[in-house]
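A short write-up of the structure that comes next.
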Amino acid sequence: MAERITGHTELIGLIATPIRHSSSPRMHNEAFAKLGLDYAYLAFEVGAEDLEDTIKGFRAMKVRGSNVSMPNKTIVHKYLDKLSDAAEMCGSVNTIVNDNGVLTGHVTDGIGYMSGLKDAGIDIIGKKMTIVGAGGAATAIQVQAALDGVKEISIFNRKDEFYKRAQKTVKDINEKTNCKATLYDLADLDKLKEEIASSYIFANATGMGMKPLEGQTYIPDKSFLRKDLIVTDVVYAPAETALLKMAKEVGCKTLNGFPMMLFQGAAAFKLWTNQDMPIEHVKEVMG
Ligand code: NAD
């Protein structure tokens, strides 16, 4: 590290709280070192109350960019100059790029999900997806899938505080893309079964299956799945959620949240450096 940091080294930040557990600093610094790029990636424990000052500081210091995580993802747009189409539709930013003082907010979680599928040889363009979730991860996936050309998306969520967000996502997708989106209550399990039966892919985009809901799934039994269905989860710890375990038993092709995490990072890396992340190297050191 002492050899790598010079007077020219540029800073990339990560602003969130809590954040000390994040694997992003390791992922990006490994990639910078591998490609000999003169950047350093550091995490800063910043919450909503210090967010405006932090962004002002980034501007003043001409910082190249930053990742953004909770609780700042849905607030930080107020302090930026521009938003990508996906960030605008998601109402959420996870990556900031500073181009000569113009700060643009992007969301790369959905790109990460779609790239992860592609990397696994799965093509969902022109096909139907059923997805559970209406939070940050779910919205990013739904918007990117619609922008990329998925034909139909059936969204299910509990009637909790996120349901309204899903209603807005459905409206935006139907108005601004060629994809047809429909929202259903997750309590309607007969409808969920029916929609999964006519889908090419089923995705969990909630924290179900992860602590404190580890070992649980809202899918009542194996009759909801079939062998030629692709089943994905945004959760990567544990690597195999109860949903993925059930799907594997049925014989489905499955994918956990690790590729999404990796490729959302790769998309941010490309935005800051204009270079492709050395994916195989990063997979090796992080895997
Ligand atoms: P969020 O808080 O924005 O959304 C939570 C979602 O979970 C909502 O849709 C909510 O209705 C639903 N939910 C909560 N409890 C539920 C329950 N008991 N039954 C059914 N639904 C329930 O969260 P988020 O930021 O969207 O994160 C969701 C998950 O995605 C987390 O596990 C997070 O770690 C993961 N994630 C993964 C990646 C990745 O790169 N793989 C990226 C972002 C988030």
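Order of appearance sets the numbers: ligands from 1, and atoms from 1 within every ligand. Basis for what follows: all heavy atoms, side chains included, without hydrogens, waters or symmetry-related copies. Please read these numbers as outputs of a predicted model, since none were measured by experiment.
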For [atom], grab the closest protein heavy atom and report residue, atom and distance to one decimal in Å.
atom: atom 42 (C) of ligand 1; answer: M260 CE, 3.8 Å
atom: atom 33 (C) of ligand 1; answer: M210 SD, 4.5 Å
atom: atom 3 (O) of ligand 1; answer: G136 N, 3.0 Å
atom: atom 26 (O) of ligand 1; answer: A137 N, 2.8 Å
atom: atom 5 (C) of ligand 1; answer: F162 CZ, 3.9 Å

Self-check item: Option from T232, I230, V132 for which side chain to side chain contact (heavy atoms under 4.5 Å, CB included) with F202 holds
Solution: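 The option that passes is V132.
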Quiz item: Taking only residues two or more places apart in sequence or in another chain, which ones pass salt bridge (Lys or Arg N to Asp or Glu O under 4.0 Å) with K222?
Solution: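 Expected list: E249.
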Could you tell me, atom by atom, which parts of ligand 1 come under 4.0 Å of a heavy atom of [X]?
X: G257; value: 39 (C), 41 (N)
X: M208; value: 17 (C), 18 (N), 19 (N)
X: G133; value: 9 (O)

For ligand 1 and [X], I'd like to know whether there is a polar contact (N/O to N/O, distance under 3.5 Å).
X: R158; answer: yes
X: L186; answer: no
X: M261; answer: yes
X: R165; answer: no

Quiz item: Applying the ring-ring contact (aromatic ring centres under 6.0 Å, His included) test to F32, which of W272, Y41, Y39 qualifies?
Solution: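 Of the listed residues W272, Y41, Y39, the ring-ring contact (aromatic ring centres under 6.0 Å, His included) partner of F32 is Y39.
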Quiz prompt | side-chain hydrogen bond (donor to acceptor under 3.5 Å, both in side chains), paired with R59, selected from N98, D81, T54 | solution =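 When N98, D81, T54 are each tested with R59, the side-chain hydrogen bond (donor to acceptor under 3.5 Å, both in side chains) holds only for D81.
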Quiz prompt | Closest candidate by heavy atom, reference atom 28 (C) of ligand 1, pool G265, G207, G112, A138 | solution =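 Heavy atom nearest to atom 28 (C) of ligand 1 belongs to G207.
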Exercise. Kindly identify the option in L213, T217, N204, D160 whose heavy atom sits closest to atom 10 (C) of ligand 1.
Key: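 Residue with the shortest heavy-atom distance to the ligand atom: D160.
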Self-check item: ligand 1-proximal atoms of F258, by part, heavy-atom distance under 4.0 Å
Solution: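 F258 to ligand 1: no contact under 4.0 Å from either part.
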Quiz item: What do we get for T139 next to ligand 1 when only non-hydrogen atoms under 4.0 Å count, side chain, backbone, both or neither?
Solution: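 Within the 4.0 Å criterion, T139 makes no contact with ligand 1.
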Quiz item: Under 4.0 Å from atom 23 (O) of ligand 1, is there any protein heavy atom?
Solution: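 It does not: no protein heavy atom is found less than 4.0 Å away from atom 23 (O) of ligand 1.
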